[in-house]
Each structure stands twice: as structure tokens, then as C-alpha cells.
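Throughout, protein chains are lettered first and strands after them, A, B, ... in sequence-line order, and every chain is numbered starting at 1. If you're wondering where the values come from, they're calculated on a predicted model, not measured in any experiment.
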There are 2 protein chains.
Amino acid sequence: MGTRTAADSAAPSRREQILREAARLFAERGFHGVGVDEIGAAVGISGPGLYRHFAGKDAMLAELLVGISERLYDGGRRRSEESAAAGLEPAAALDALIDGHIDFALDDRELITLHDRELDRLRDAERKQVRKLQRQYVELWVEAVRALYPDLTELEARVSVHTVFGLLNSTPHLGGPSSMPDRETTAALLHRLARGALSAAAPGAAPGGSGATAGSFSVAPDGPEVALGS
Amino acid sequence: MGTRTAADSAAPSRREQILREAARLFAERGFHGVGVDEIGAAVGISGPGLYRHFAGKDAMLAELLVGISERLYDGGRRRSEESAAAGLEPAAALDALIDGHIDFALDDRELITLHDRELDRLRDAERKQVRKLQRQYVELWVEAVRALYPDLTELEARVSVHTVFGLLNSTPHLGGPSSMPDRETTAALLHRLARGALSAAAPGAAPGGSGATAGSFSVAPDGPEVALGS
DNA sequence: CCTCAAGGTTAACGCTCACTAACCCGGCTG
DNA sequence: CAGCCGGGTTAGTGAGCGTTAACCTTGAGG
């Protein structure tokens with residue numbers, strides 16, 4: 001391993017600078033669409049100078065993707081543990097997960113893009129590592145969702161969680177800030193969308209956990225509330 | 001362009017065979033990750049034989065992407081027009097759009113993957129064409145959504161539609177049929193999730209944002225009673 | 001039978017691009 | 001001052017790959 005763990009956050013430290021620029025370029029034009037010379041140029045050095053910091057182009061991608069998955073999973077686990085420790089109700093625990101993911105999706109849109117676009121360019125070892133972290137992250141969500149909506153089957157919960165990831169991860173497609181409300185408003189909207197989707201996942205048409213906390217569902221002041229009964 | 005319109009559906013006609021295999025391979029390993037020799041091998045001919053049918057590798061991708069966007073938009077427009085002609089209520093019109101998109105997402109998962117992964121590999125002309133079709137398709141949805149939820153601002157509706165696309169288009173990430181219910185069940189679940197998300201888009205109560213109590217976010221209790229299927 | 005076109009084949013070319021080799025230089029440290 | 005070493009540099013190399021060239025086969029038509 002490198003002698004350097006990712007501890008220094010104060011100084012951008014070249015290495016991190018390279019990673020940041022590489023992430024941006026990879027997300028913009030794809031892993032194969034970016035040459036090492038470009039990455040070098042983006043940080044002021046030229047071409048093969050990168051090999052003083054990384055074993056190769058693949059290594060950069062690997063470090064990026066593993067880092068992303070770790071950040072996502074660790075963040076999710078931390079939040080889940082905090083929720084459990086604080087004895088929060090299931091709805092609040094799920095909200096914490098959602099907010100964490102939204103922060104990530106809004107702050108690191110490029111990483112989101114990379115994460116599900118270039119996974120298969122990795123070597124077997126690293127790809128398995130990333131997949132494992134992804135599975136664990138999904139597991140956190142599935143547990144949180146099923147705690148709130150116990151009527152969901154395992155499979156339904158899993159599919160729902162995946163699609164909600166798709167929903168939240170669509171931020172890169174939203175275009176520049178010109179076509180998006182300000183950050184806080186967007187985050188709130190994303191949160192409502194995600195919660196709305198999950199609350200409708202149960203086939204019974206009666207969303208809302210029958211569990212301990214069925215209470216907190218109040219809303220829709222001017223809700224359209226279509227009586228859709230055809 | 002080609003003298004051949006897409007009329008012959010009876011005979012796979014080599015050309016379409018090539019397109020189908022190319023789509024599969026591109027989706028699997030990315031445009032740059034697939035060589036022409038592989039595409040040729042997939043249809044039983046080898047390498048440069050493809051150039052009897054296409055001007056180049058780019059041309060295959062272009063035809064695929066333009067075809068996808070056209071199919072999506074045309075299908076959506078047809079359904080919208082039918083809904084309007086039949087005098088259906090807004091909810092039913094939106095349901096029609098959702099079902100159309102779900103059919104597409106379930107039947108042509110690879111095309112979905114290509115559609116938002118390799119768009120930037122196109123020449124300016126074709127990329128603009130695809131983007132235009134995409135915009136028009138989004139417009140259909142935005143109109144349908146706002147007809148049903150008039151309280152949504154234009155921006156909110158647009159963002160919500162994009163995220164719902166992200167939700168529906170996440171089917172490729174769901175893994176094989178082993179990790180998915182049967183088609184009909186999955187379609188119904190996706191429909192509920194999409195409707196649930198959209199029904200929660202309107203800013204209900206406190207946009208307290210990140211914060212505070214999670215409960216204030218929640219969602220209309222009786223969400224979409226999906227009138228699906230029949 | 002000759003021709004012609006459609007649809008293949010293999011060989012080769014040329015370019016891009018990741019990576020290596022060889023060299024260089026400034027700043028610590030002994 | 002010597003000497004190492006981290007971090008650059010430029011030139012070169014070799015593989016991969018899209019594309020072209022030249023040639024071959026088959027079947028239909030006058």
C-alpha cells in the first residue's frame with residue numbers, strides 16, 4: 001500500500017488534486033475518453049508525471065470508486081448507528097439515510113456518475129470490493145425501509161431501494177444550477193420524492209407502516225389527492 | 001441516409017441483428033470497451049465485414065441512440081394524444097405515460113443503459129437531435145404531471161420528472177431475473193413507486209430541510225391507488 | 001456463359017495512448 | 001560539500017483498434 005493514508009485534508013497534496021481532476025474528467029467524457037496527458041495537464045504537470053503518484057490510470061479509477069463506496073457505506077452506517085443509539089423511530093432513521101445520500105448526490109455529482117458508469121473497468125479484486133460495499137449499503141437501507149414498512153417483502157424492499165437510488169442519483173441529469181432550485185429546496189424536494197416513492201411501495205395501497213410509528217403521516221394541505229378510482 | 005426504413009420487422013435482416021448485438025455489447029462494456037471484431041463475431045461475420053452495413057462504429061451508436069429517443073418520444077406522444085382524445089382524466093393520462101416508460105425500461109434495459117451513458121460519444125448533429133427528442137419527451141411528462149398536480153411549479157415538475165426517469169431507468173441495476181419478481185409484479189411495483197414519488201413532490205408543510213424532525217416531511221397517506229393493469 | 005452486385009474474407013496501415021526509459025534539478029541531511 | 005531522493009521532464013515503444021484495400025464467392029439475369 002501507499003505509505004500515505006488519506007488523512008491529510010488540509011493540504012490538497014497533489015495526489016488528492018489529481019484524484020479530483022481525474023474524477024471530473026472521467027465523469028465528463030468517460031474513463032476511456034480521457035488520456036493521461038489530459039489529467040496531467042489539469043493539475044499542471046504533464047503526462048507521465050502522474051506515475052510518480054499512481055501505478056497507472058486504472059489505479060486512479062480504482063481508488064476513486066473504492067473511496068466512493070466506502071464513504072457512502074461508512075456514512076450510512078454511522079447514521080444508522082446514531083439513529084439506533086438515540087432510539088429514534090424508524091421514520092427518522094430512514095430520513096437520516098435519505099438525507100445522507102442526498103448530501104452526497106448534490107455535493108459529488110461526478111462521483112455518482114462514475115460510480116455506476118465505470119464499475120466494470122475495474123479489476124476483479126477491486127470490483128468485488130466495491131460490489132460488497134454496495135451490497136452492504138443497500139442492506140442498511142433495506143433494513144431501515146422494512147422497519148418502517150413491515151408489510152414489504154424482502155424483494156419488494158430491495159427493488160424499491162434500488163429504484164430510489166436511481167431517483168436520488170439522477171442529479172447529474174438535472175443540468176446546471178440554472179435548471180435547479182437552490183440547494184436547500186432541491187434537497188427537500190428530493191427527500192419528498194424518495195419518501196413518497198417508498199411509502200407507495202407496499203402493494204396494499206395503504207402505505208404507512210402499521211408499525212409503531214404510523215403517526216407521522218399528515219400532510220397534503222392542498223393535496224391534489226386525485227380520487228383515481230376511474 | 002439509409003434507403004431502408006425500419007419497416008421490415010419480419011426478417012431480422014442482418015442490419016438489425018448487428019444493431020441488437022451492438023446494443024448488448026455497448027451496454028455491457030461501454031462503447032470504447034467493445035471492438036468491431038467483437039461485434040462482428042457476435043453476428044457470425046468477422047471484423048470489417050460490418051462496413052458493408054454501416055459507415056463506421058459511430059454510425060451504429062448514432063442509429064441506436066436516435067432510434068431509442070424517437071421510440072420513447074413517439075410512444076409517449078401517441079399515448080398522450082390517445083388520452084386526450086379519449087377525454088381521460090389527468091391521472092389516467094399520467095398512468096399511460098408511466099406504463100409506456102415501464103414497458104420500455106423492462107423490455108429494453110440495454111437501450112436504457114446506452115441512452116444515458118454514451119450520449120456524449122455522438123457527433124454534434126446527432127447529439128443535438130437526441131437532446132431535442134429528450135426535451136420533447138420530458139415536456140410531455142411535465143405537462144401531464146402539472147395537469148394532475150397544478151400546485152407544482154414548472155421547475156419542481158421538471159426536476160421531479162427527471163428523478164422519476166432515474167427511478168424507472170434503474171432497472172438495469174436490479175440484476176438478473178433472480179433478484180426481481182416476475183414482470184407483471186415488477187411493473188406494478190415500479191408504477192406505484194413512480195406515482196408515489198410524484199404525488200409527494202408538492203411542497204407540503206415545512207421545508208425545514210434537513211433538519212429537525214423528520215416527521216414533517218411525510219407523505220400523503222392514501223397515495224396513488226394505482227389503477228393499473230385494466 | 002459472362003457479368004455484376006452483394007456480402008464476405010484477410011492483410012495491412014496509421015493513429016492513439018498507456019506506460020517506460022533516461023535524464024534533470026532543487027532541497028534536505030550528514 | 002556530498003549525496004540522496006521526491007518529483008518533474010521529454011523521447012520512445014509497443015499494443016490495440018478503427019478503418020481501408022484488395023481479393024474472393026455466390027446467385028440472379030440477359
Taking CG from B:Leu50 and P from D:dT20, how many angstroms apart are they, rounded to a whole number?
13 Å

Are any of the side-chain nitrogens in B:Glu82 or B:Arg79 under 4.0 Å away from the carboxylate oxygens of its partner?
no

Side chain to side chain donor-acceptor pair (under 3.5 Å) pairs, two or more places apart, involving residues 133-145 of chain A:
A:His101-A:Tyr137, A:His115-A:Gln134, A:Tyr137-A:Trp141, A:Glu139-A:Arg158

Atom CG in B:Leu167, atom CG in A:Asn169: separation rounded to 0.5 Å?
11.0 Å

Within the sub-3.5 Å range, which N or O atoms of nucleotides 17-19 of chain D have a protein N or O partner, and how far apart are they?
unit_1: D:dG18; atom_1: OP1; unit_2: B:Val34; atom_2: O; d: 3.3
unit_1: D:dG18; atom_1: OP1; unit_2: B:Lys57; atom_2: NZ; d: 2.7
unit_1: D:dG18; atom_1: OP2; unit_2: B:Val36; atom_2: N; d: 2.9
unit_1: D:dT19; atom_1: OP2; unit_2: B:Tyr51; atom_2: OH; d: 2.5
unit_1: D:dT19; atom_1: OP2; unit_2: B:Lys57; atom_2: N; d: 2.9
unit_1: D:dT19; atom_1: O5'; unit_2: B:Tyr51; atom_2: OH; d: 3.1

Basic-acidic side-chain contact under 4.0 Å: B:Glu21, B:Arg24
yes

What range of DNA chain C does chain A touch, first nucleotide to last, counting atoms under 4.0 Å from its heavy atoms?
C:dA18 to C:dC23

Check: B:Thr163 and B:Val159 side chains under 4.5 Å, non-hydrogen atoms:
yes

State whether B:Phe54 and B:Arg15 meet the cation-pi test: NZ (Lys) or CZ (Arg) under 6.0 Å from the six-membered ring centroid, and within 45° of the perpendicular axis.
yes

State whether the number of non-hydrogen atoms from other residues, nucleotides or ligands found under 6.0 Å of A:Arg123 atom CZ is greater than 12.
no

Do A:Arg52 and D:dG8 have a side chain to base donor-acceptor pair shorter than 3.5 Å?
yes

Around B:Arg20, counting heavy atoms of other residues, nucleotides and ligands shown, do more than 12 lie under 6.0 Å from its CZ?
no

Tell me: CD1 of B:Ile45 to P of D:dT26, nearest whole Å?
17 Å

